[in-house]
Amino acid sequence: MPELPEVEVVRRGLEPRTVGRIVESVEILDARIIRRQAGGADRLRGALTGTRLTAVARRGKFLWWRLADEDGQDTGEALIGHLGMSGQLRLRDPAPIVALPVATPSEGPAPDPLRHRRLTLHLDDGAAIDLVDQRLFGGLWTSPLAPARDGALAGQGSPDSLLPASAAGIARDLLDPAADLSAIARTIRSRRAGIKSLLLAQDLVSGIGNIYADEALWAARIRFDTPGARLSQRKVLELLRAAREVMERALEVGGTSFDALYVNVEGRSGSNHTDVYARHGTLCSRCGATIVREKYMGRSSHFCPVCQQKR
DNA sequence: CGGGCCCTGGAT
DNA sequence: ATCCAGGGCCCG
């Protein structure tokens with residue numbers, strides 16, 4: 001499931017091969033993927049056809065391209081996307097889609113990595129950007145730009161403070177130099193909700209999903225259901241720095257993958273190391289206790305019952 | 001602030 | 001046949 005590090009890996013893969021290119025056509029293979037586009041498929045086609053991609057930026061888990069018209073003028077809109085939990089943006093060279101080698105009958109049919117291709121942007125150099133998404137939680141749509149409130153760069157890779165409206169309610173993430181960790185920590189401490197639900201609140205701090213929330217809480221030795229207000233400023237800062245470190249480390253190794261659902265633009269998986277996530281039943285690497293999985297907020301929470309005590 | 005919804009396909 | 005995975009968004 002793509003969270004901040006995985007989306008950043010994708011952004012970095014897209015940057016050198018898509019910035020400067022013109023979209024020649026938009027191929028929609030499954031209309032259900034364009035749910036979030038105002039005006040629907042026609043509007044998406046109209047906004048992109050003949051339009052140049054001038055930058056690719058990211059805030060939290062949102063990714064967007066800046067757009068310019070034939071004269072090089074900003075269109076005032078971005079092409080923004082979110083991968084949901086199973087979305088992939090894949091770059092395809094000029095060659096047509098090549099099927100994988102045919103499997104022998106005993107092996108059954110070979111899995112086709114593009115089986116769930118929903119939408120393709122064809123670029124002027126013959127390359128293509130495929131949006132592949134098994135569960136259709138992801139999407140790609142246009143959104144008008146407006147200045148970010150604090151005037152700082154809108155996100156990683158952004159040339160200025162202009163932020164797509166669709167990401168206006170998304171807080172800065174922990175890899176953003178303009179993120180104010182002390183302010184985030186103060187807000188967390190003003191809430192009585194469980195700390196994990198606060199870590200996952202994208203309007204408070206963005207980019208963290210279920211995997212990195214569990215990993216950060218383990219690193220900071222905090223139980224998922226501890227009320228934000230029960231934690232000291234120092235402890236919350238420790239947690240935020242832990243979350244940042246876990247995500248930085250994941251970024252260095254190309255993202256975290258638990259299945260074939262997260263891949264970079266070339267279709268390759270990242271690492272799959274975690275300390276607690278999906279490790280229930282195995283031993284805590286810090287104290288040797290057995291890692292537990294518990295339902296919280298309708299999601300699985302993985303934690304060490306000894307290191308992460310109730311407060 | 002919690003719960004339901006959107007979705008599909010692999011596991012049980 | 002049913003459960004489960006879950007980010008974002010909408011609802012009450």
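Convention: sequence-line order gives letters A, B, ...; per-chain numbering from 1.
Protein atom CD of A:Gln202 is 14 Å distant from nucleotide atom P of C:dG6, rounded to whole Å. What separates CZ of A:Arg36 from C1' of C:dC9 is a distance of 8 Å, to the nearest Å. If you take OH of A:Tyr296 and P of C:dA5, they are 16 Å apart, rounded to a whole angstrom. When the P atom of B:dC7 is taken as reference, atom NE2 of A:His82 falls 17 Å away, rounded to whole Å. As rounded to whole Å, 15 Å separates atom P of B:dC7 from atom CG of A:Leu131. Summarising the geometry, the separation between CD1 on A:Ile33 and C1' on C:dG7 is reported as 14 Å, rounded to the nearest angstrom. Atoms CE (A:Met85) and P (B:dG9) sit 13 Å apart, rounded to a whole Å. A:Arg135 has its CZ atom 15 Å from the C1' atom of C:dG8, to the nearest Å.
Note on ring orientation: taking the six-membered ring where Trp is involved, the planes of A:Tyr296 and A:Phe224 are tilted (angle from 30° to 60°). The aromatic rings of A:His280 and A:His302 lie tilted to each other, with the angle between the two planes from 30° to 60°.
Remark: ring of A:Phe137 does not overlap the six-membered base ring of C:dG8 in a stacked fashion, as centroids less than 5.5 Å apart with planes less than 30° apart are not both met.
OP1 and OP2 of C:dC4 both lie 4.0 Å or more from every side-chain N or O belonging to A:Arg293. Using a 4.0 Å cut-off, some side-chain N or O of A:Lys295 falls inside it from OP1 or OP2 of C:dA5. Residue A:Arg35 places no side-chain N or O under 4.0 Å from the OP1 or OP2 atom of C:dG8. Neither OP1 nor OP2 of C:dG7 sits under 4.0 Å from any side-chain N or O of A:Tyr212.
Checking C:dG6, B:dC6, B:dG9 against every side-chain atom of A:Gln134, the shortest atom distance belongs to B:dG9. Distance from the side chain of A:Lys61 is smallest to C:dG8 among C:dA5, C:dG8, B:dC6. Across C:dG8, B:dC7, B:dG9, the shortest atom-to-atom separation from the side chain of A:His116 is found for B:dG9. Comparing atom distances between the A:Arg118 side chain and each of B:dT8, C:dA5, B:dC1 picks out B:dT8 as nearest.
Checked against A:Asp130 for a side chain to side chain donor-acceptor pair (under 3.5 Å), the options A:Gln88, A:Arg90, A:Arg92 give a single hit: A:Arg92.
At a threshold of 4.0 angstrom between heavy atoms, the contacts of A:Ser300 are confined to the sugar-phosphate backbone, with no base atom among them.
Looking only at distances, a side-chain donor or acceptor of A:Gln202 sits under 3.5 Å from a matching main-chain atom of A:Ile208.
At least one test fails for A:Arg52 against the ring of A:Trp65: distance under 6.0 Å to the centre or angle within 45° of the axis.
Each of A:Arg32 and A:Gly298 has a nearest nucleotide on DNA chain B; the 5'-most of these lies closest to A:Gly298.
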